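Everything below concerns the one structure shown next.
Because the structure is predicted, anything quoted here is derived from the model rather than measured.
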Amino acid sequence: MLQVSVLRENTELVLAGLAKKHYKTAEADVAAILELDQRRKQLQTDHDQAQAEANDLARQIGGLMKSGDKAGAETLKARTATLKQHTKAHSEELAQVEEALQQTLYKLPNLPHGSVPEGRVAADNEVVREGGTKPELPADALPHWDLIKKYDIIDFELGNKITGAGFPVYKRQGARLQRALINFFLDEARTAGYDEIQPPILVNEASGYGTGQLPDKEGQMYHDKQDNLYLIPTSEVPITNLYRDEIIALDQLPIRNTGYTPCFRREAGSWGADVRGLNRLHQFDKVEIVQITQPENSYAALEGMVAHIEGLLQKLELPYRILRLCGGDMGFTSALTFDLEVWSAAQARWLEVSSASNFETYQANRLKLRYRGEGSKTQLLHTLNGSALALPRIVAALLENNQTADGIRLPEVLHAYCGFEKIG
């Protein structure tokens, strides 16, 4: 959530940033926020003045009663009753104004970092670098949705039977490959200095608002209305919310956590190859890395996270590229995002497998996540997260890129984790 002080003191810069993100109602929403904030301040001043006068009159009434001036005391009591009515009215309107201000602030996305390129769609994203070598497959190479049937390692029909579309069943070597990748990603994160967390996969409404999934992504989250809980779309939500309403000591920073969870997203895809097979699911496995750090260190931390994710792709021997997302293709809460994509040889297309983002103070302001700096003054922290990695498209690329006449060759780094060197 953007800070009101930033909107008030840097209005034109805020409007330019929102325009870069193609936020359509920026001028109206910013104007409404500034007007509500001004009304909030006036109401607070009026309330405080009325309360101060009432307190002063209470002291005077006591003195008049002691001196026997009951008439004078009664006059002041009448004024005190009027002031109490005023303070009550101020309090009620102040609560309404603060709620309206909060809800309008929730609507505004984060401002993009200065390095974010202009653009509206994915084609406008900037390619930062590429790595690895694209394999040359024979003419009869199969896409992963045919390979999983051939080797009977993932079953979409069974998943559809017991749940619905987008909930696959992993079997035999497919199930073992899933577990191997999760363990490999977690081990690599721990080696890189991240502490492992196993969080709940259901979160409350406050957690959804804390990291910005609510209200922006409410329609994409599975919601249990009876208990008002949400299935997580990413472990970023519970892991970051561990520190909601906290003041972090300097010697605890930076916080670096990793966690594996299943993730759940209602997002409905169009028909076609773009969403076929493992390309888009409603339930999928992912290992996440999360950092919380001082503002001056956050962009160095983001570079380190991208390098860590890039290292995973190199060890998996997958051709990849790194993109800096343009303003129109960025997430709602992000100030700067790098997407990492792998080459899917049989589909002849790039598949996104990770996003690494710096949210600056946007989430921390919602979370009231602070640290105490010099002079004992509290300041907002910066939060960051990245997928390290999401499994479905990694599996798709591994299957397609490594298919041979006698099975699917797995990268050496996974042999010990899987207990086998090839599928088939």
- Message: I'd like to check the salt bridge (Lys or Arg N to Asp or Glu O under 4.0 Å) partners of Lys149; sequence neighbours left out, ordered by chain and number.
- Response: none

- With sequence neighbours excluded, tell me which residues meet salt bridge (Lys or Arg N to Asp or Glu O under 4.0 Å) with Arg324. Glu126

- Verify the distance criterion only: is there a donor paired with an acceptor across the side chains of Ser207 and Arg244 at less than 3.5 Å? yes

Do NZ/NE/NH1/NH2 and the carboxylate oxygens of [X] and [Y] come within less than 4.0 Å?
{"X": "Asp152", "Y": "Lys171", "result": "yes"}
{"X": "Glu93", "Y": "Arg39", "result": "yes"}
{"X": "Lys107", "Y": "Asp29", "result": "yes"}

- For Gln198, which residues count as a side chain to side chain contact (heavy atoms under 4.5 Å, CB included) partner, sequence neighbours excluded? none

Kindly list each side-chain donor-acceptor pair under 3.5 angstrom involving residues 290-297, sequence neighbours excluded, with atom names and distances?
residue : atom : partner : partner atom : Å
Gln291  : NE2  : Tyr194  : OH           : 3.0
Gln294  : NE2  : Glu296  : OE2          : 3.2

- Message: Just to verify, what does Thr383 make a side chain to side chain donor-acceptor pair (under 3.5 Å) with, not counting sequence neighbours?
- Response: Gln363

Under the ring-ring contact (aromatic ring centres under 6.0 Å, His included) test, which residues partner [X], sequence neighbours left out?
{"X": "Phe332", "value": "none"}
{"X": "Phe264", "value": "none"}
{"X": "Phe167", "value": "His282"}
{"X": "Phe185", "value": "none"}

- Taking the six-membered ring for Trp, are Phe184 and Tyr417 parallel (under 30°), tilted (30 to 60°) or perpendicular (over 60°)? perpendicular

- Item | Considering all heavy atoms, the nearest Lys286-Ser387 contact | CD-OG, 3.6 Å

- So, for Pro262 and Asp285, which heavy atoms are closest and what is the spacing to 0.1 Å? CA-OD1, 3.7 Å

Which pairs with one or both residues in [range] pass salt bridge (Lys or Arg N to Asp or Glu O under 4.0 Å), sequence neighbours excluded?
{"range": "residues 200-229", "result": "none"}
{"range": "residues 388-413", "result": "Glu317-Arg409, Asp406-Lys422"}
{"range": "residues 1-12", "result": "Arg8-Asp37"}

- Item | Centroid-centroid under 6.0 Å between Tyr299 and His382 rings | no

